[in-house]
Amino acid sequence: MTFASYGSCRSCLEAEPAYCHRQHALNFGCERPDGAGAYLSDDGEGIHGDFFGQSSFATYAIGIERNVIKVPDDVPLEILGPLGCGIRTGAGAALNELKVGPGDRFAVFGAGSLGLSAIMAARYAGAGTIIAVDRMKAHLDMAVELGADHAIMTTGTDAVAEIMRITGGSVDRSLDTTTVAVVMRQAIDALAPRGTCGFVSSPSDGTELPVAVRHLLLGRKVQGIVEGNSNPKLFIPFLIDLYRRGHFPFDRLIRFYDFDEINEAFHAQHSGEAIKPVLRVTART
């Protein structure tokens, strides 16, 4: 199950549902498009649900045809859930929007599940140099194992200067997954002429991002990216096929927790102990 899209707006009609004109209302309005709700409490009161067009945080969920993806039964279903959003977003950002390709120099700021997915995708695409930037050594170690050529620890380091040293110049593509304005600016500053920097989210406090316009004059671009600009009906099966062939080992990011360990799962993600916690819920019989 993945995000919802309207299906009839211009973006959807042009096979770009991630940029659906009603994306926010359908996925974060927590109600059906007509304002009705699908869920009731024990006393009959309405409950807001339909987060991300589904509210799959339950033993049963209601989706729509556009956001329910049929997957093969020879891959464990419990590892496929993260393809619905984060892991697909990172891979899609690298492949679909930034179009990282053979020989490209690519820097990823933030080596969590999104950043590591982008690194795996860029390695599959034949990137020439992949650089991971993070503040956690464990994340950087994983980045190198999954395809990064260089790892930069941000503590006490000028990440942009280090990127310049490694590449002898700058990078063709950069991706920020941190949503930290200072780091986002570094991702832009590290770009070569005609390079593109992508963002997969924004600071939750509404912080604005100052950009030196002169820096953009030589063809540099800043690109917002939602859901990896992917069509889930096509891209999720594609990623599963890559996984089967050993090119996208996203299962290495996953650590399973029982539902009653939900607090431990959140803590592990926050501390960096777990990159992609997945809760397993035992359905009632």
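These numbers were taken from a predicted model, which means no experiment stands behind them.
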For Lys99 and Asp172, run salt bridge (charged side-chain N to carboxylate O under 4.0 Å, His left out): C-alpha distance rounded to whole Å, both residues' side-chain angles, the deciding distance at 0.1 Å, then the answer. CA-CA 10 Å; Lys99 300 188 185 306; Asp172 306 296; over 6 Å; no

Start with the C-alpha gap between Asp189 and Leu191, add the side-chain angles, then the distance that decides, and say whether side chain to side chain contact (heavy atoms under 4.5 Å, CB included) holds. CA-CA 6 Å; Asp189 290 344; Leu191 288 177; over 6 Å; no

Give the intermediate values and the outcome of side chain to side chain contact (heavy atoms under 4.5 Å, CB included) for residues Arg255 and Tyr257. CA-CA 7 Å; Arg255 177 178 293 185; Tyr257 292 84; 3.1 Å; yes

Test side chain to side chain contact (heavy atoms under 4.5 Å, CB included) applied to Asn27 and Phe51, step by step: CA-CA 6 Å; Asn27 291 287; Phe51 177 77; over 6 Å; no

Apply side chain to side chain contact (heavy atoms under 4.5 Å, CB included) to Ser11 and Tyr6, showing your working. CA-CA 9 Å; Ser11 293; Tyr6 180 51; over 6 Å; no

Please test Ser230 against Arg88 for side chain to side chain donor-acceptor pair (under 3.5 Å), starting from the C-alpha separation and ending with a verdict. CA-CA 8 Å; Ser230 61; Arg88 191 194 69 245; 2.7 Å; yes

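In this structure, CD in Gln54 is found 7.0 Å from OG1 in Thr2, a value given to the nearest 0.5 Å. A distance of 11.0 Å separates CD in Glu78 from CG in Asp251, rounded to the nearest 0.5 Å. Separation of atoms CZ (Phe52) and CZ (Phe3) is listed at 7.0 Å; rounding is to 0.5 Å. One finds the CG atom of Leu175 at 9.5 Å from the CZ atom of Phe199 (value rounded to the nearest 0.5 Å). Taking NE2 from His150 and CG from Leu140, the interatomic distance works out to 13.0 Å, rounded to the nearest 0.5 Å. Here Glu162 contributes atom CD and Gln186 contributes atom CD; the two are 12.0 Å apart, rounded to the nearest 0.5 Å.
Checked by atom type and distance alone, the side chain of Arg123 pairs as donor or acceptor with a backbone atom of Ala127 at under 3.5 Å. The backbone N or O of Ser170 sits less than 3.5 Å from a side-chain atom of Arg105, completing a donor-acceptor pair. Checking side-chain atoms of Ser55 against main-chain N and O of Asp50 turns up a donor-acceptor pair under 3.5 Å. In terms of modelled atom types and a separation under 3.5 Å, the side chain of Asp176 and the main chain of Thr178 share a donor-acceptor contact. A donor-acceptor contact shorter than 3.5 Å is absent between the side chain of Ser174 and the backbone of Phe109. Side chain of Gln23 to backbone of Cys20: no donor-acceptor contact under 3.5 angstrom is found. A donor-acceptor pair is defined here as one N or O able to donate and one able to accept, closer than 3.5 Å; such a pair exists between the side chain of Thr177 and the backbone of Gly110. Arg185 contributes a side-chain N or O that, together with a main-chain N or O of Pro210, makes up a donor-acceptor pair within less than 3.5 Å. A side-chain donor-acceptor contact under 3.5 Å links Asp134 to the backbone of Met136. Although no hydrogens or angles enter the test, the distance criterion places no donor-acceptor pair under 3.5 Å between the side chain of Asn231 and the main chain of Glu16.
For His215, the NE2 atom is densely surrounded, since the number of other residues' heavy atoms within 6.0 Å is greater than 12. For Asp42, the CG atom counts as loosely surrounded, since its 6.0 Å shell holds 12 or fewer non-hydrogen atoms of other residues, nucleotides or ligands. Heavy atoms of other residues, nucleotides or ligands lying less than 6.0 angstrom from CZ of Phe256 number more than 12. Within a 6.0 Å sphere centred on NE2 of His21, other residues, nucleotides and ligands contribute more than 12 heavy atoms. The 12-atom threshold is not exceeded at NZ of Lys137, counting heavy atoms of other residues, nucleotides or ligands nearer than 6.0 Å. Within a 6.0 Å radius of CZ in Arg194, other residues, nucleotides and ligands contribute 12 heavy atoms or fewer.
The side-chain hydrogen bond (donor to acceptor under 3.5 Å, both in side chains) test with Ser5 is passed by exactly one of Arg22, Glu227, Arg66: Arg66. Considering Leu239, Leu253, Ile130 in turn, Leu253 is the only one that fulfils the side chain to side chain contact (heavy atoms under 4.5 Å, CB included) rule with Met120.
Both Ile119 and Phe250 are assigned to one and the same hydrophobic cluster, defined by single-linkage of ILVMFWY side chains at heavy-atom distances under 4.5 Å.
Of all the heavy atoms in Lys233 and Val68, the pair that sits closest is NZ-O, 2.8 Å. Leu98 and Gly198 make their closest contact through CD2-N, 3.9 Å (heavy atoms, listed as atom of the first residue, atom of the second, distance). Across Phe248 and Leu83, no two heavy atoms sit closer than the pair CE2-CD2, 4.5 Å. Val100 approaches Ala122 most closely through the heavy-atom pair CG1-CB, 4.0 Å. Shortest non-hydrogen contact noted between Gly53 and Asn67 is O-ND2, 3.0 Å. For Gly128 against Asp149, the heavy-atom pair with the smallest separation is O-OD2, 3.7 Å.
Between His247 and Tyr124, the angle of the ring planes lies from 30° to 60°, which puts this pair in the tilted group.
Between Pro82 and Ser113 there is no side-chain heavy-atom pair separated by less than 4.5 Å.
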